[in-house]
Protein chains: 2
Amino acid sequence: MFKLCVLIIVMSIDKKEHIMDVAVALFAEKGYEGTSIRDLAHEADVNIAMINYYFGSKEKLFVALLESKARYMREKIDAVQNDASLTELEKLNQIIDGYVNRFLSQPAFHRVLQQELLVTNREILHQNVIELFTKNTQDVVSIIEKGVRKKIFKKVDPPLLFASIIGTINQVMLSRSICNILMNKAPGTDPYQDPELKKRITQHIKQLVQDHLSIQPALQKQK
Amino acid sequence: MFKLCVLIIVMSIDKKEHIMDVAVALFAEKGYEGTSIRDLAHEADVNIAMINYYFGSKEKLFVALLESKARYMREKIDAVQNDASLTELEKLNQIIDGYVNRFLSQPAFHRVLQQELLVTNREILHQNVIELFTKNTQDVVSIIEKGVRKKIFKKVDPPLLFASIIGTINQVMLSRSICNILMNKAPGTDPYQDPELKKRITQHIKQLVQDHLSIQPALQKQK
DNA sequence: TTGAATTAAACAAACGTTTAATTAATTTTT
DNA sequence: AAAAATTAATTAAACGTTTGTTTAATTCAA
């Protein structure tokens, strides 16, 4: 009896956030168009009208969702970039850690973002996601470029190297089934729960990036 | 007058294929759920009922679409794998060429595939796409593994290296806007038309893979 | 004349959104 | 502090569209 009371209070304090949590999960599974307000209301255990009451419309709910969940990586990259004590390679490694941690800990939200990048006709939503991406890209690219200028790194294609970093994680996150295939796990299990996965991905990307960037002593001598 | 006649004949011969072409374009832009049969019928300039007449249902249209367009990479990988005259690195390079060519020449179809991987609740469609992916993954992974066993390659994480290859291309294909940002092009242009892009991606991935796999003489000596 | 291709119209179901009524909570007045 | 007034939260029902699909009639080709 008492427990039930507490539950109700907690729910009503941030019902908005509760709806948003359910929305991320449903959008991730069924897509934005594939998720109906009725589905959402039923799953979140609220009245259908409450969603428009709180957010105004389905589209505005989506935008609210983006804004509340997307600040993290922006701040992380900013912090790393302004840390003068780090070498360019260390910066990259920290950014890789950041992305892997972030993406793997919020697979549903991440899936929603990816979907919105692929579907171009919902322009407002699409544009919102693009903006999120642009600044991060430019920052990471400029770190790589700086390393190349300093001749700490080999001459590479910075934007495409960033694409490889993000793309590797995205590929693993593309679908549970594909991740299970890649990771040699039994189909049906949730691979993103496994802490081993995070370690493996981080290690692989860091090694890949380092191999690609590092100036080989042998090659230097030959010149 | 004569020209019009020919056009009509051609259209009626493979009207099915015409519908499928329009479907790919619309699905890519608006998503599967976001594309209505009416949109599709209007865009393809056929009656609404014709789509169900030809394909049975919207879902069956989608499956037909997959089956007609997805054989290519399968055959390409098969051919490369069975070519005994190639080293493992050459095989990988040819597969990279294959994927880049394929993905960049059919960006719309590729987008549709990606969408279906991200949305898990349309199980029949999802499963169809997964199956396409599984065999290719296993083949490429086994090529890398063979190279590692032969000690031609460094000890790496083969499934994740495959994820990096595909993931890099996918990242570039994720959205026109993102590709323009990555490639430093003016927003609004279609980057996939540019032949330079294909060359740049291929080069980058090949270099990335080679750096990651190659056993460095310097390191060998140290041992 | 038979069978396939094509059409406009209608189908029920589901969609996002709005309404108007009711309950709950908060503030103001007594 | 109690009652009244006001605002906010919540509800069920209905709104007009749009959805995928089907029908029954018609046109076309063999």
Side-chain angles (χ1 to χ4, degrees), chain A residues 4-24 26-27 29-66 112 115-116 119 121-125, chain B residues 1 4-20 22-24 26-27 29-66 112 115-116 119 121-125:
Chain A
L4 183 67
C5 238
V6 171
L7 183 69
I8 289 166
I9 290 167
V10 167
M11 261 198 55
S12 76
I13 285 177
D14 42 346
K15 208 168 202 169
K16 272 186 84 165
E17 229 162 295
H18 173 62
I19 292 173
M20 280 164 70
D21 285 345
V22 175
V24 180
L26 286 186
F27 286 162
E29 193 191 331
K30 303 158 174 268
Y32 174 79
E33 306 266 7
T35 305
S36 72
I37 299 275
R38 281 167 183 82
D39 279 352
L40 179 46
H42 180 258
E43 204 75 19
D45 211 25
V46 298
N47 189 275
I48 314 168
M50 291 309 291
I51 285 146
N52 281 333
Y53 176 74
Y54 275 131
F55 298 95
S57 72
K58 190 186 179 187
E59 194 170 87
K60 283 177 188 165
L61 158 62
F62 189 99
V63 175
L65 212 155
L66 287 191
V112 175
Q115 285 175 24
E116 222 45 41
V119 175
N121 75 318
R122 297 194 286 276
E123 289 188 38
I124 309 157
L125 308 185
Chain B
M1 187 60 172
L4 183 68
C5 237
V6 170
L7 182 69
I8 290 167
I9 291 167
V10 167
M11 261 197 54
S12 77
I13 284 177
D14 42 343
K15 208 167 201 169
K16 273 187 83 165
E17 229 162 297
H18 173 61
I19 292 173
M20 282 164 68
V22 175
V24 180
L26 286 185
F27 287 162
E29 192 192 332
K30 302 157 176 267
Y32 174 79
E33 306 265 7
T35 305
S36 71
I37 299 277
R38 279 167 186 81
D39 280 351
L40 179 47
H42 180 258
E43 204 75 20
D45 211 27
V46 298
N47 190 275
I48 316 166
M50 292 308 291
I51 284 144
N52 280 333
Y53 176 75
Y54 276 130
F55 297 96
S57 72
K58 190 186 179 186
E59 194 171 86
K60 282 177 189 165
L61 158 63
F62 189 99
V63 175
L65 214 155
L66 286 191
V112 174
Q115 285 176 23
E116 222 43 43
V119 175
N121 75 318
R122 297 194 287 274
E123 288 187 39
I124 310 158
L125 307 186

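Numbered from 1 within each chain, the chains take letters A, B, ... in sequence-line order. All of these numbers come straight from a predicted model, not from anything done at the bench.
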Inset, instruction - Give, for atom CG of Leu40(B) and atom CD1 of Ile51(B), the distance between the pair rounded to the nearest 0.5 Å. - result: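 Between Leu40(B) CG and Ile51(B) CD1, I get 4.0 Å after rounding to 0.5 Å.
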Inset, instruction - Can you measure from OG1 (Thr35(B)) to NZ (Lys30(B)) and round to the nearest 0.5 angstrom? - result: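 Answer rounded to 0.5 Å: 6.0 Å.
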Please tell me if [X] has a side-chain N or O lying less than 4.0 Å from either OP1 or OP2 of [N].
{"X": "Asn47(A)", "N": "dA12(D)", "answer": "yes"}
{"X": "Lys58(A)", "N": "dC15(C)", "answer": "no"}
{"X": "Tyr53(B)", "N": "dA5(C)", "answer": "yes"}
{"X": "Asn52(B)", "N": "dG20(D)", "answer": "no"}

Inset, instruction - Check the angle between the aromatic planes of Tyr32(B) and Phe62(B) and answer parallel, tilted or perpendicular using the 30° and 60° thresholds. - result: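 It falls in the perpendicular class, over 60°.
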Legend entry - Where Asn52(A) and Lys58(A) come nearest, the two heavy atoms and their spacing: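 It is OD1-N, 3.9 Å.
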Side-chain heavy-atom pair [X], [Y] within 4.5 angstrom cut-off:
{"X": "Ile19(B)", "Y": "Phe55(B)", "answer": "yes"}
{"X": "Arg122(B)", "Y": "Glu33(B)", "answer": "yes"}
{"X": "Leu65(B)", "Y": "Phe27(B)", "answer": "yes"}

Between the protein and nucleotides 26-30 of chain D, list the N/O to N/O atom pairs that are separated by less than 3.5 angstrom.
none

Inset, instruction - Return the 5'-most residue of the pair Ala49(B), Ser57(A) with respect to DNA chain C, ranking by each residue's nearest nucleotide. - result: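 Mapping each residue to its closest nucleotide by heavy atoms, the 5'-most match is Ala49(B).
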What's touching nucleotides 21-26 of chain C from the protein side, N or O pairs under 3.5 Å?
none

Inset, instruction - For Ile51(A), report the nucleic acid contact type (base, sugar-phosphate, nothing); a contact means any heavy atom under 4.0 Å. - result: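 Result for Ile51(A) = nothing.
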